[in-house]
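Note sheet for the following structure.
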There are 2 protein chains.
Amino acid sequence: MNLTPLVQSFVLHFGEMGSRWGINRTVGQIYALLFVSARPLNADEIAEALAFSRSNVSMGLKELESWRLVRLLHQPGDRREYFSAPEDVWAIFRTLAEERRKREVDPTLTMLRDALLVQPDNEPDRHAQKRMASMHELIELSTSWFADVQKLDERTLRQLMKLGSAAQKLLLMKDSLKPAATRNKKAAGP
Amino acid sequence: MNLTPLVQSFVLHFGEMGSRWGINRTVGQIYALLFVSARPLNADEIAEALAFSRSNVSMGLKELESWRLVRLLHQPGDRREYFSAPEDVWAIFRTLAEERRKREVDPTLTMLRDALLVQPDNEPDRHAQKRMASMHELIELSTSWFADVQKLDERTLRQLMKLGSAAQKLLLMKDSLKPAATRNKKAAGP
DNA sequence: TATACTTTTCAGTAATTCCTGAACGTCGAC
DNA sequence: GTCGACGTTCAGGAATTACTGAAAAGTATA
């Protein structure tokens with residue numbers, strides 16, 4: 001399989017971006033290739049297209065599977081494993097965010113919580129704990145908010161985003177119209 | 001300078017996390033140390049506390065400056081440069097997001113836009129372009145939304161987040177109060 | 001069960017990234 | 001100017017990570 005220049009540049013870009021992340025070049029390129037491919041590909045096709053060794057592709061696919069970014073499937077009458085990237089970019093985004101949370105955010109929250117349980121016995125620790133507490137609050141708040149928002153379906157999410165900072169105005173309105181709370185409550189009901 | 005166990009564990013954790021990102025261990029540790037420090041530190045103090053070479057610290061600080069994550073300042077009567085991490089965690093978050101956008105998102109958007117300008121002359125390219133277009137739309141939408149939300153002050157942001165998916169309900173309310181024709185059209189549209 | 005095909009593992013090597021010490025540059029005090 | 005304190009650069013060695021080929025382990029079919 002020969003890549004077109006268009007696909008080539010996309011794949012190379014993702015390789016680069018991957019290595020800026022923790023993800024390595026190989027994995028980024030494999031994912032990019034699957035993302036733009038019109039049909040599922042097997043490991044040999046990927047290895048040939050990207051000029052990687054078969055074993056490197058195998059490892060890359062395993063990594064992508066651990067991120068739940070690729071789907072494994074079979075073609076009738078073919079024993080080989082085929083891989084594809086899910087269609088829905090919003091779902092992909094969700095998956096990515098969820099995995100990153102699991103791998104990066106959660107351990108950090110655990111570490112912070114543990115640190116905040118310690119009774120500080122000196123000034124540096126007292127200050128450090130204050131700083132950690134503020135970080136903990138920010139992370140806690142933003143991830144739980146994100147988890148919440150992430151549950152919305154694509155259409156609603158799209159609306160929310162298009163609304164942009166106008167959401168702020170709705171908020172402020174709610175805030176300044178205390179007596180009108182009944183009206184809001186009524187209108188927002190299911 | 002000797003680190004307390006509390007600070008030590010925080011610093012080590014950030015070193016680890018750093019290397020999961022593109023950032024290396026050194027840089028992560030330096031930042032963590034500055035973050036919890038009650039006063040600005042100079043390069044020698046950092047080098048001693050973390051047991052890195054002076055030159056390593058110098059490079060790390062340069063990197064952190066390029067991310068605008070540390071502030072350079074001077075103490076009266078002291079020629080050395082002192083560094084501190086900004087206090088406000090919300091501001092830090094903002095800075096981080098902005099820099100990442102500049103370094104990762106913007107180049108990707110440029111690549112995608114260029115790719116979408118090409119007139120595809122074969123089926124694979126036609127499909128690839130469709131996929132790239134959907135990715136482009138998602139990134140465009142979410143980053144412009146994020147830029148918008150990021151302008152809010154801390155208090156409002158905090159409110160917005162605490163509101164969580166209740167924001168969804170406000171949105172739906174707004175939607176359901178429109179003439180039925182609009183809503184139906186929207187729901188059935190692409 | 002044997003066979004042929006496919007995927008995975010892994011030890012070794014290649015490539016990359018990290019880190020250091022030494023040399024160099026800069027700047028203010030004298 | 002010289003001196004000394006401080007910051008930066010950089011070549012090269014150390015450490016880590018990526019990648020490969022060969023061998024092993026699965027697996028469906030006959």
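Here is how names work: the chains are called A, B, and so on, in the same order as the sequence lines, proteins then strands, and each is numbered from 1.
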Could you tell me how far apart [X] ([atom1]) and [N] ([atom2]) are, to the nearest whole angstrom?
X        : N       : atom1 : atom2 : result
Glu81(B) : dG28(C) : CD    : C1'   : 14 Å
Leu50(A) : dT20(D) : CG    : C1'   : 16 Å
Asn24(B) : dA15(D) : CG    : P     : 16 Å
Ile46(A) : dT8(C)  : CD1   : P     : 12 Å
Leu41(A) : dT7(C)  : CG    : P     : 13 Å
Trp21(A) : dT17(D) : CH2   : P     : 18 Å
Tyr82(B) : dG7(D)  : OH    : C1'   : 14 Å
Asp78(A) : dT29(D) : CG    : C1'   : 14 Å

Presence of donor-acceptor pair under 3.5 Å, side chain of Ser55(B) and base of dG21(C): yes
Verdict with reasoning, Arg25(B) to Glu16(B), per salt bridge (Lys or Arg N to Asp or Glu O under 4.0 Å): CA-CA 6 Å; Arg25(B) 220 179 72 254; Glu16(B) 282 312 307; 5.4 Å; no
Atom of Val36(A), atom of Arg131(B) and distance for their closest heavy-atom approach: CA-CG, 4.1 Å
Shared hydrophobic cluster for Ile30(B) and Met17(B) (ILVMFWY, side-chain gaps under 4.5 Å):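 Different clusters.
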Which nucleotide in the list [options] gets nearest to the side chain of [X]?
X        : options                  : value
Asn56(B) : dA18(D), dT20(C), dC6(D) : dT20(C)
Lys62(A) : dT9(C), dG21(D), dC19(C) : dT9(C)
Arg79(A) : dC19(C), dT8(C), dA4(C)  : dA4(C)
Met59(B) : dC10(C), dG7(D), dT9(D)  : dT9(D)
Phe52(B) : dC19(D), dG7(D), dT20(C) : dT20(C)

Residue mapping more 5' on DNA chain C - nearest nucleotide basis, Asn42(A) or Ser19(A): Asn42(A)
Aromatic Trp21(A) / basic Arg100(A) pairing, under 6.0 angstrom, 45° off normal: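 The answer is yes, since Arg100(A) meets both limits relative to Trp21(A).
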Charged tip of Arg158(B) within 45° of Trp145(A) ring normal and under 6.0 Å: no
Sugar-phosphate only, base, or nothing, as touched by Arg25(A) at under 4.0 Å among non-hydrogen atoms: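 Sugar-phosphate only.
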Short side-chain N/O contact from Arg80(B) to OP1 or OP2 of dA5(D), under 4.0 Å: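 For dA5(D), OP1/OP2 do not have a side-chain N/O of Arg80(B) under 4.0 Å.
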